[in-house]
Amino acid sequence: MARLQKSWKLFPVKRELARELSQKLHISHYIAQALINRGVTTEQKASEFLYAGSDYIANPYLLKDMDTAVNRIVQAIDNHEKITVYGDYDVDGITASATLFKTLCRLGAKVEFYIPDRQEEGYGLNTAALTKLANSGTKLIVTVDCGISAVHEIQTMLGQLDIIVTDHHQPPPELPAAMAIINPKQPGCEYPEKNLAGVGVAYKLCQALWQYYHDNSKFCDYLDIVAIGTIADIVPLTGENRVLVKLGLEQLCKTENPGLKALLEVCGLTNRVIDSGSVGFVIAPRLNAVGRVSQAAAGVELLLTNNYDIAHELAVLLDTENAERQSIEKDILAKAEAQLETIDLTNEKVLVLAGEEWHSGVIGIVASRLVDKYYKPVIMISLHDGYGKGSCRSIPAFDMYAALTQCSDLLTQFGGHRQAAGLTVPLNNIPALRERLNEIAAATLSEGDYVPVINIDSVLPLEEVNAAFVEQLACLEPYGFANPSPVFACRDVVLGEKRRIGQQNRHLKLKLRNAGVTDVVAWNMGELSDSLSCEQNIDLVFVPKYNEWQGQKSVQLTAQDIRHSFSEETKAKLNTIAPDRNCVGQVYLTLKAFTKTGQHTNLSYQTIAEKISGSCQAKISEQVVALSLTIMEELGLLTISASNEKSSFGVQLAPAPPQKLDLADSLTFRKCSEMRETYLTQHI
């Protein structure tokens with residue numbers, strides 16, 4: 001399959017606002033523009049975004065029902081009642097269970113935890129498990145990352161168990177009859193941060209309990225665990241979530257938790273800087289694997305144990321389970337790709353694939369990989385006993401939940417949201433489901449909806465990229481959903497060298513000529529090598545990062561897309577609109593040449609433009625010459641005087657400045673940059 005062409009979309013340039021934030025915060029105006037692109041548009045908001053610490057963790061008692069929940073838990077602790085923390089089997093549920101369990105233990109509670117089996121019990125509360133817990137002596141259940149939809153299950157247990165629900169999922173119209181419900185999304189809850197992960201809500205309960213017992217003192221323990229669950233659950237890394245993750249990653253780098261230390265060792269992350277990418281792509285998948293392939297309880301036990309030998313055994317188990325998950329995933333992916341070879345992908349708008357006994361804990365990952373590769377909605381269905389259980393993943397333009405709603409007569413059950421959902425479907429209805437979903441997509445999507453978009457923060461000259469810039473850029477971390485890593489573009493750079501690297505030559509390594517940063521790595525773009533020629537000009541979409549190799553640290557560009565530079569016609573058009581740095585430089589050098597020969601009077605825009613055309617073999621318009629002169633006059637580089645002849649003028653060059661001038665200090669240059677950027681935005 002040919003590599004997908006991507007659409008480059010540049011955020012609107014807010015040059016004056018970026019300049020203002022840049023000056024007030026002492027940051028690059030390109031980084032200021034990245035903040036603006038994320039909705040951070042004032043000095044106060046920017047300072048909070050960049051520097052917020054534990055003082056920005058909100059009062060947990062702002063959550064509805066928090067007083068009731070704390071009082072009941074305190075009663076259970078005082079009366080030595082058995083409390084069971086009932087969690088979910090994903091990373092959010094595992095970390096939430098561990099965070100609450102550890103806090104309750106420190107407060108003297110008699111506590112156990114329960115994680116349902118993914119294959120046998122499925123998600124959330126179930127009556128059989130609740131009955132079993134009640135019979136084992138549990139008096140109080142506190143759910144984490146689940147329970148908000150368990151209306152029937154909780155109603156069934158009234159009088160047998162007290163149940164406190166902590167959850168972050170969207171509440172249904174009818175809430176369960178729990179003793180207390182802690183969920184910032186529920187009606188009547190005034191808590192300011194509505195997007196906490198399940199572990200974030202559990203942490204707020206821990207914070208409230210700690211304040212109850214310790215006279216409102218701060219509680220910032222276990223944020224290393226909280227950060228892992230928050231990142232893994234892909235909630236927006238803004239507001240309080242950002243603070244929790246930022247502080248948690250700092251703790252994770254120096255964690256004393258034996259389980260986390262063992263896991264970092266097994267993952268090869270010991271004594272390394274750990275960022276949200278390390279959590280999302282290395283740590284979280286291993287915690288997730290046990291919930292997908294076997295028993296999530298092992299993940300909780302890893303986070304709870306104080307014995308390093310046991311921790312190491314569990315960490316190795318998680319690593320082994322992750323390898324097994326990868327093997328299962330690879331096998332299912334190969335079978336799915338084989339099915340796709342029999343399908344006309346040009347006409348198929350939604351890819352509906354089904355296979356016998358495909359592992360239900362893995363098909364969602366495979367669906368996501370297929371969406372990334374083909375950029376079409378994908379439904380992966382595991383067949384068993386005449387029914388199929390499906391995981392659905394979509395593209396931004398296609399509302400999967402709404403589409404499934406239109407197919408509800410074909411489904412046994414379904415749920416989810418716009419870009420991810422699950423379903424159960426009778427085997428015989430799968431062909432009709434495929435047909436109807438394709439009809440819905442054909443009626444609602446355009447061809448442009450099937451083109452992936454790269455959102456670009458700024459067009460960034462490579463001379464601006466250096467170690468100081470990369471260090472400053474790190475202030476925007478941690479990156480994640482709603483706060484992605486800033487992405488930049490550069491245009492018209494000369495490709496010096498290219499070579500394919502990695503297993504099966506999957507990756508590409510480039511060297512640029514005449515650029516501040518010369519090293520470029522392009523992961524999974526090896527096939528582009530044949531279409532690129534050295535000494536050719538290219539455009540890049542990239543993220544600047546540090547590359548560490550054999551003790552050496554250097555700045556490197558990680559490419560997200562590469563294409564041939566815009567045409568000579570586009571360049572020529574730009575030089576008729578407004579000057580860039582090169583144009584201003586050409587005009588200045590031409591004036592110096594005129595001055596040396598005494599021809600510094602009776603000049604005209606036409607004379608200067610023709611001189612540049614002849615000596616520099618570059619055409620610029622008279623308008624661009626005029627704007628260039630205005631820029632230099634604003635910077636104090638020259639003085640323009642009237643001439644006796646019509647349309648002529650004289651120029652007096654000032655002495656060379658003692659230090660390099662910043663063209664951006666000229667209002668006219670800033671306006672010219674906007675004019676060029678506006679044109680290029682329309683042609684990016």
Side-chain angles (χ1 to χ4, degrees), residues 1-12 34 37-38 234 236 277 280-281 333 336-337 340 343-353 364-380 391-403 417-421 437-438 440-442 444-459 479-491 506-508 520-529 531-532 538-543 557-566 680-684:
M1 176 188 172
R3 186 169 177 270
L4 284 173
Q5 294 297 312
K6 299 178 180 178
S7 173
W8 295 12
K9 182 179 180 182
L10 189 66
F11 278 97
N37 298 342
R38 284 149 185 76
I234 319 180
F281 296 107
L333 180 61
E337 293 275 20
L340 289 172
I343 295 173
D344 182 0
L345 292 175
T346 304
N347 295 320
E348 202 78 2
K349 305 300 182 184
V350 180
L351 307 180
V352 180
L353 307 169
I365 300 175
V366 176
S368 294
R369 294 197 184 282
L370 293 175
V371 171
D372 290 341
K373 182 173 181 179
Y374 296 97
Y375 206 70
K376 292 185 177 184
V378 175
I379 299 179
M380 294 284 293
S391 284
C392 318
R393 300 293 183 269
S394 193
I395 58 177
F398 188 73
D399 189 333
M400 181 63 75
Y401 183 80
H417 50 85
R418 185 181 183 92
Q419 286 191 247
L437 287 170
N438 273 275
I440 294 169
T444 57
L445 300 183
S446 67
E447 288 302 314
D449 291 327
Y450 293 100
V451 179
V453 174
I454 300 179
N455 292 306
I456 299 168
D457 283 278
S458 296
V459 176
Y479 302 131
F481 178 55
N483 182 39
S485 171
V487 174
F488 302 100
C490 62
R491 296 188 177 98
R506 289 172 53 201
H507 315 303
L508 195 59
V520 181
V521 62
W523 306 115
N524 298 308
M525 296 188 205
E527 75 277 10
L528 280 179
S529 180
S531 64
L532 298 174
I538 59 174
D539 298 344
L540 287 174
V541 177
F542 65 90
V543 177
L557 308 183
T558 300
Q560 294 201 354
D561 204 15
I562 306 169
R563 71 182 186 191
H564 300 291
S565 283
F566 48 77
L680 285 173
T681 299
Q682 298 165 355
H683 295 79
I684 198 165

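This is a predicted model, so every value here is computed, not measured.
Rounding to the nearest 0.5 Å places CE of Met400 at 11.0 Å from NE2 of His417. Going from atom CD1 of Ile538 over to atom CZ of Arg563 covers 11.5 Å, rounded to the nearest 0.5 Å. Residue Ser7 holds its OG atom at 8.5 Å from CD1 of Ile454, rounded to the nearest 0.5 Å.
No side-chain heavy atom of Lys6 sits under 4.5 Å from any side-chain heavy atom of Gln560. Proximity of Phe398 to Leu445: side-chain heavy atoms (C-beta onward) are separated by under 4.5 Å at one or more points. Put simply, the side chain of Leu333 reaches to within 4.5 Å of the side chain of Leu370, judged on heavy atoms.
Heavy atoms only, all atoms of each residue included: Ser391 and Gly364 are closest at CB-CA, 3.6 Å. Closest non-hydrogen pair, Ala441 versus Tyr450, comes out as CB-OH, 3.8 Å. Smallest separation of non-hydrogen atoms from Ile440 and Ala403: CD1-O, 3.8 Å. Summarising the geometry of Ser394 relative to Val371, their closest heavy-atom pair is O-CG1, 3.9 Å, with the distance given to 0.1 Å. Taking every heavy atom of both residues into account, Val543 and Ser485 meet most closely at CG1-OG, 3.5 Å. Considering all non-hydrogen atoms of both residues, Ser529 and Leu508 come closest at CB-CD1, 3.7 Å.
For Tyr375, the side chain to side chain contact (heavy atoms under 4.5 Å, CB included) partners at least two apart in sequence or on another chain are Leu4, Ile395, Pro396, Pro452. Applying the side chain to side chain contact (heavy atoms under 4.5 Å, CB included) rule to Ser368 yields the partners Arg393; only residues at least two apart in sequence or on another chain are considered. Partners of Asn455 under the side chain to side chain donor-acceptor pair (under 3.5 Å) rule, at least two apart in sequence or in another chain, do not exist in this structure. Partners of Asn483 according to the side chain to side chain donor-acceptor pair (under 3.5 Å) rule, which considers only residues two or more places apart in sequence or in another chain, are Arg38. Partners of Arg418 according to the salt bridge (charged side-chain N to carboxylate O under 4.0 Å, His left out) rule, which considers only residues two or more places apart in sequence or in another chain, are Asp399.
The aromatic rings of Phe488 and Phe542 sit tilted relative to each other, their planes meeting at an angle between 30° and 60°.
Between the side chain of Ser531 and the main chain of Leu528, a donor-acceptor pair closer than 3.5 Å is present. Remark: side-chain polar atoms of His507 are not paired, donor with acceptor, to backbone N or O of Ala522 under 3.5 angstrom. Counting only distance, with no hydrogens or angles, the side chain of Asn37 and the backbone of Asp457 share a donor-acceptor pair below 3.5 Å.
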Identify each donor-acceptor pair in which a side-chain atom of residues 345-352 lies under 3.5 Å from a protein atom, sequence neighbours left out, and give them as a table.
{"residue": "Asn347", "atom": "ND2", "partner": "Asp344", "partner atom": "OD2", "Å": "2.6"}
{"residue": "Glu348", "atom": "OE2", "partner": "Asn438", "partner atom": "ND2", "Å": "3.4"}

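Residue Ile234 places its CD1 atom among 12 or fewer non-hydrogen atoms of other residues, nucleotides or ligands, all under 6.0 Å distant.
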